[in-house]
Amino acid sequence: MPSNDARILLHTAVPTAAVGVLATVISGVVAGGKGALGAAVGTVVVVLFMAIGLVVLQRTAASLPHLFQAMGLMLYTAQLLLLFIFVAAFKDTTLFNPKAFALTLVVATLVWVAAQARAHMKAKILYVDPETSSGTSASPAEKSGSSA
């Protein structure tokens with residue numbers, strides 16, 4: 001994974017995990033052990049889904065840059081649908097507190113998206129490939145594709 005991608009992943013996962021720990025503590029105080037477990041599961045689900053999505057999106061950007069925007073929209077839509085499916089699937093569980101789970105899922109997702117937006121704005125990512133360092137640079141006619 002290139003350093004920019006790893007940095008963006010780190011700058012999004014750490015705030016999300018911190019909010020998840022805070023949500024786990026608050027849920028534990030408010031709803032007991034089942035609340036803490038629900039919040040912890042919600043945090044893990046968000047971090048896993050969003051991290052996998054970010055890695056897939058970065059690989060798509062590297063190999064198929066013309067599909068980047070469409071892939072991003074499709075990926076975020078799929079992630080939100082999967083998160084809704086998780087909330088619906090666990091709404092009647094007795095394993096953990098479903099309200100703490102759902103609330104943590106929503107808050108952690110919002111934190112992830114905000115942190116990812118901030119990380120992308122702060123990243124110094126080149127949008128033009130720099131010339132090779134081998135010293136051979138193509139003339140402007142070769143770069144533009146003209147056959148003059």
Side-chain angles (χ1 to χ4, degrees), residues 1-28 30-31 34-93 95-138 140 142-146:
M1 177 178 274
S3 65
N4 275 338
D5 299 344
R7 190 175 303 120
I8 289 173
L9 182 60
L10 180 69
H11 286 202
T12 53
V14 169
T16 305
V19 166
V21 168
L22 183 65
T24 301
V25 169
I26 292 171
S27 296
V30 172
K34 287 190 175 191
L37 182 61
V41 170
T43 302
V44 169
V45 167
V46 169
V47 169
L48 283 178
F49 275 19
M50 296 300 193
I52 290 169
L54 183 61
V55 170
V56 168
L57 194 59
Q58 294 300 337
R59 289 189 183 209
T60 300
S63 61
L64 303 166
H66 59 284
L67 294 178
F68 181 71
Q69 185 175 12
M71 183 68 169
L73 291 172
M74 184 195 74
L75 184 67
Y76 286 125
T77 302
Q79 284 174 333
L80 289 177
L81 286 173
L82 283 172
L83 291 175
F84 283 132
I85 289 170
F86 261 78
V87 170
F90 291 111
K91 73 178 180 180
D92 294 324
T93 188
L95 200 63
F96 51 77
N97 187 323
K99 288 183 182 180
F101 171 73
L103 188 60
T104 303
L105 210 66
V106 169
V107 170
T109 301
L110 291 174
V111 168
W112 181 282
V113 171
Q116 187 175 3
R118 183 179 186 279
H120 277 290
M121 286 190 296
K122 293 282 189 178
K124 293 180 176 28
I125 301 172
L126 299 174
Y127 58 90
V128 176
D129 288 332
E131 291 187 32
T132 60
S133 62
S134 63
T136 59
S137 68
E142 291 172 346
K143 287 182 183 176
S144 67
S146 67

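Atom set for the values below is all heavy atoms of this structure, side chains included, hydrogens, waters and symmetry mates excluded.
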Across all chains, not counting sequence neighbours, the side-chain contact (heavy atoms from CB on, under 4.5 Å) partners of Tyr76 are Leu57, Gln79, Gln116
Side chains of residues 60-69: which donor-acceptor pairs under 3.5 Å do they make with residues two or more places apart or in other chains?
unit_1	atom_1	unit_2	atom_2	d
Thr60	OG1	Val56	O	2.9
Ser63	OG	Arg59	O	2.9

Sequence neighbours left out, cut at 3.5 Å: what donor-acceptor pairs do the side chains of residues 34-53 make with other protein atoms?
unit_1	atom_1	unit_2	atom_2	d
Lys34	NZ	Thr94	O	2.8
Thr43	OG1	Ala39	O	2.9

Scan the side chains in residues 96-105 for donor-acceptor partners under 3.5 Å anywhere in the protein, sequence neighbours excluded, and list what turns up.
unit_1	atom_1	unit_2	atom_2	d
Asn97	OD1	Lys99	N	2.9
Asn97	OD1	Ala100	N	3.3
Thr104	OG1	Ala100	O	2.7

First locate atom CG of Leu81, then atom CZ of Phe84, and finally report the distance between them rounded to the nearest 0.5 Å.
7.5 Å
Would you give me the side-chain donor-acceptor pairs under 3.5 Å for residues 11-19, sequence neighbours excluded?
unit_1	atom_1	unit_2	atom_2	d
Thr12	OG1	Ile8	O	3.0
Thr12	OG1	Leu9	O	2.9
Thr16	OG1	Thr12	O	2.8

